[in-house]
Engineer: 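Let me give you the structure first, and then I'll get to my questions.
One-based numbering, in listed order, for ligands and for the atoms of each. Counting begins at 1 with the first residue of the sequence. Only this structure's heavy atoms are used, side chains among them; waters, hydrogens and symmetry mates stay out.
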Amino acid sequence: MYQHIVVLTGAGISAESGLRTFRDQDGLWEEHHIEDVATPEGYERDVDLVERFYNSRWEQLHCGNVMPNAAHLALARLEAEFPGQLLIVTQNIDNLHERAGSRRLLHMHGELSKGRCPRSRQTFILREPFGPNNCCTCCIPAQRLRPHVVWFGEMPLGMDRIHEALDHCDLFIAIGTSGTVYPAAGFVDSVNHHGAQTVEVNLLVPDRHSQFQYHLTGRAGEVVPKLVDAILAGHVIGSDLAAL
Ligand code: APR
């Protein structure tokens, strides 16, 4: 049985919960220019546009019909029943892993349900949409909260803890990510260097450049529960994986 598992999740794990991904057909980046809504320069240029982008995603997340799906719940079950060490590193800013019950979780790209003081970097639970009156309570004068989201050109969060976990894991699983954005896209390479097993779960069949040893092609909500069952039953990921 494995001793130390790291799971990396991307927008694809939340797709079946009704949240749009970025690069699939009808993805968020088909409607918005990254440089306008996901960079510090875009925020400086047009605060209102960026606030509208994140407020609409925040309202969707809190509107009541966006729920964790079977993949989120399976990972929470893995955390509850797996006797070894587990860390979920998510690129997602939604709160579906938490709402499924996961606690050993790290949001490397920040969290939609928090705002951040631009001066102190203190974070605040978002109780109302971003706007000119939604300010920090840590500064005088109070500063307008910005999204607690890591934009392109900014340093992802928790990298020391992530590399520590990657350096010691014996199984690395990536679920629902296109592997296009670094540093997350490079995690598999660093894990391969120390001989851990690597598994990718994705809707699409991998291309020939993929660095994962094993691929499970299918919807995360169908595949991840079976993968978790196999891990908890003590199966070592191998050629029988396709039998899942
Ligand atoms: N089950 C499994 N995989 C899925 C599903 C599903 N139901 N639906 C989509 N996918 C896969 C797609 O095939 C794609 O490979 O999820 C992936 C989503 O890729 P992206 O939209 O690029 O999302 P992600 O990889 O999380 O993006 C990484 O880019 O824009 C930045 O900060 C943003 O965190 C994001 C980062």
Side-chain angles (χ1 to χ4, degrees), residues 7-43 50 53-54 57-58 61 66-75 88-97 100 105-114 116 146-159 162 172-189 198-212 214-228 241 244:
V7 182
L8 172 71
T9 64
I13 198 171
S14 297
E16 292 157 75
S17 297
L19 296 181
R20 292 164 73 179
T21 64
F22 294 96
R23 296 171 182 84
D24 289 328
Q25 203 168 5
D26 188 34
L28 284 165
W29 295 152
E30 285 196 351
E31 228 170 75
H32 303 276
H33 294 294
I34 287 179
E35 56 275 11
D36 291 340
V37 294
T39 62
E41 297 76 15
Y43 184 67
V50 175
F53 177 68
Y54 288 99
R57 294 171 68 193
W58 180 75
L61 193 57
V66 172
M67 305 296 287
N69 64 55
H72 298 105
L73 294 167
L75 291 180
I88 298 175
V89 179
T90 186
Q91 300 172 93
N92 300 338
I93 59 175
D94 66 54
N95 59 359
L96 297 179
H97 281 300
L105 173 68
L106 194 157
H107 282 273
M108 67 179 289
H109 288 169
E111 297 174 69
L112 190 52
S113 34
K114 289 180 182 170
R116 188 201 304 165
R146 59 158 276 184
H148 178 49
V149 174
V150 176
W151 286 327
F152 287 89
E154 295 183 326
M155 179 57 81
L157 307 172
M159 289 307 294
I162 294 170
F172 176 66
I173 306 170
I175 303 170
T177 181
S178 58
T180 45
V181 175
Y182 286 80
F187 291 169
V188 62
D189 186 45
T198 57
V199 184
E200 182 181 33
V201 176
N202 201 295
L203 203 53
L204 303 179
V205 176
D207 66 24
R208 59 192 170 82
H209 303 298
S210 170
Q211 294 172 290
F212 285 87
Y214 300 103
H215 305 272
L216 284 170
T217 304
R219 291 183 180 287
E222 289 158 20
V223 171
V224 176
K226 292 176 187 169
L227 178 59
V228 166
L241 196 63
L244 278 183

Engineer: Please indicate whether any nitrogen or oxygen in Ile34 is less than 3.5 Å from any nitrogen or oxygen in ligand 1.
Structural biologist: no
Engineer: Taking 4.0 Å as the limit for heavy-atom contacts, which would you say applies to Leu203 with ligand 1: side chain only, backbone only, both, or neither?
Structural biologist: both
Engineer: Could you state the interatomic distance from CD (Glu41) to CD (Glu35), rounded to the nearest 0.5 Å?
Structural biologist: 10.0 Å
Engineer: Out of Gly10, Ser178, Ala185, whose heavy atom sits nearest atom 22 (O) of ligand 1?
Structural biologist: Ser178
Engineer: Tell me, please: is Gly218 in heavy-atom contact with ligand 1, that is, under 4.0 Å?
Structural biologist: yes
Engineer: Taking heavy atoms and a distance under 4.0 Å, where does Trp151 meet ligand 1: side chain, backbone, both or neither?
Structural biologist: neither
Engineer: Under the criterion side chain to side chain donor-acceptor pair (under 3.5 Å), I'd like the reasoning laid out for Asp94 against Ser14: C-alpha separation, chi angles, the key distance, then a yes or no.
Structural biologist: CA-CA 8 Å; Asp94 66 54; Ser14 297; 2.7 Å; yes
Engineer: Measuring from Leu157:CG to His107:NE2, what's the distance to the nearest 0.5 Å?
Structural biologist: 10.0 Å
Engineer: What protein heavy atom sits nearest atom 15 (O) of ligand 1, and how far away is it?
Structural biologist: Asn202 ND2, 2.9 Å
Engineer: Can you list the atoms of ligand 1 that are under 4.0 Å from a heavy atom of Leu204?
Structural biologist: 13 (O)
Engineer: For Glu16 and Ala220, indicate whether the former's side chain and the latter's backbone hold a donor-acceptor pair under 3.5 Å.
Structural biologist: yes
Engineer: Could you tell me which non-hydrogen atom of Asp36 sits nearest to which non-hydrogen atom of Val50, and how far apart they are?
Structural biologist: O-CG2, 3.3 Å
Engineer: Compare every heavy atom of Ala11 with every heavy atom of Asn92, then report the nearest pair and how far apart it is.
Structural biologist: OD1-N, 2.9 Å
Engineer: Measure up the Phe53 and Trp29 rings against each other and bin them: parallel (under 30°), tilted (30 to 60°), perpendicular (over 60°).
Structural biologist: parallel
Engineer: What's the shortest distance from atom 35 (C) of ligand 1 to any protein heavy atom, and which residue and atom give it?
Structural biologist: Phe22 CE1, 3.5 Å
Engineer: How many angstroms lie between CG in Asn69 and CG in Leu19, if you round to the nearest 0.5 Å?
Structural biologist: 9.5 Å
Engineer: Hey, are the side chains of Val66 and Leu96 touching, using non-hydrogen atoms and a 4.5 Å cut-off?
Structural biologist: yes
Engineer: Using 0.5 Å steps for rounding, measure from the CG atom of Leu216 to the CD1 atom of Ile173.
Structural biologist: 9.0 Å
Engineer: Which ligand 1 atoms, with their elements, are less than 4.0 angstrom from a heavy-atom of Glu16?
Structural biologist: 1 (N), 6 (C), 7 (N)
Engineer: Nearest non-hydrogen contact with atom 31 (C) of ligand 1 belongs to which option: His107, Glu200, His109, Arg23?
Structural biologist: Arg23
Engineer: Could you list which atoms of ligand 1 come closer than 4.0 Å to a heavy atom of Arg219?
Structural biologist: 1 (N)
Engineer: What do you reckon, does Ala220 have a nitrogen or oxygen under 3.5 Å from a nitrogen or oxygen of ligand 1?
Structural biologist: yes
Engineer: Quick one: look up the protein heavy atom nearest atom 23 (O) of ligand 1 and list residue, atom name and how far away it is.
Structural biologist: Ala11 CB, 3.5 Å
Engineer: Can you tell me which portion of Gln91 lies within the under-4.0 Å heavy-atom range of ligand 1? Options are side chain, backbone, both, or neither.
Structural biologist: both
Engineer: For atom 30 (O) of ligand 1, what is the nearest protein heavy atom, given as residue, atom name and distance?
Structural biologist: Trp29 NE1, 2.9 Å
Engineer: Side chain, backbone, both or neither: which applies to Ala15 and ligand 1 if a contact is any heavy-atom pair less than 4.0 Å apart?
Structural biologist: side chain
Engineer: How far is atom 12 (C) of ligand 1 from the closest protein heavy atom, and which atom is that?
Structural biologist: Asp24 OD1, 3.4 Å
Engineer: To the nearest 0.1 Å, how far is atom 6 (C) of ligand 1 from its closest protein heavy atom, and which atom is that?
Structural biologist: Gly12 O, 3.4 Å
Engineer: Parallel, tilted or perpendicular for Phe187 and Phe172, by the 30°/60° rule?
Structural biologist: perpendicular
Engineer: Please work out which of Thr21, Val150, Val201, Thr177 has its closest non-hydrogen atom nearest to atom 25 (O) of ligand 1.
Structural biologist: Thr177
Engineer: Are any of the side-chain heavy atoms of His215 and Asn202 separated by less than 4.5 Å?
Structural biologist: no
Engineer: Please state which option from Ala71, Ser14, Gly176 has its nearest heavy atom closest to atom 16 (O) of ligand 1.
Structural biologist: Gly176
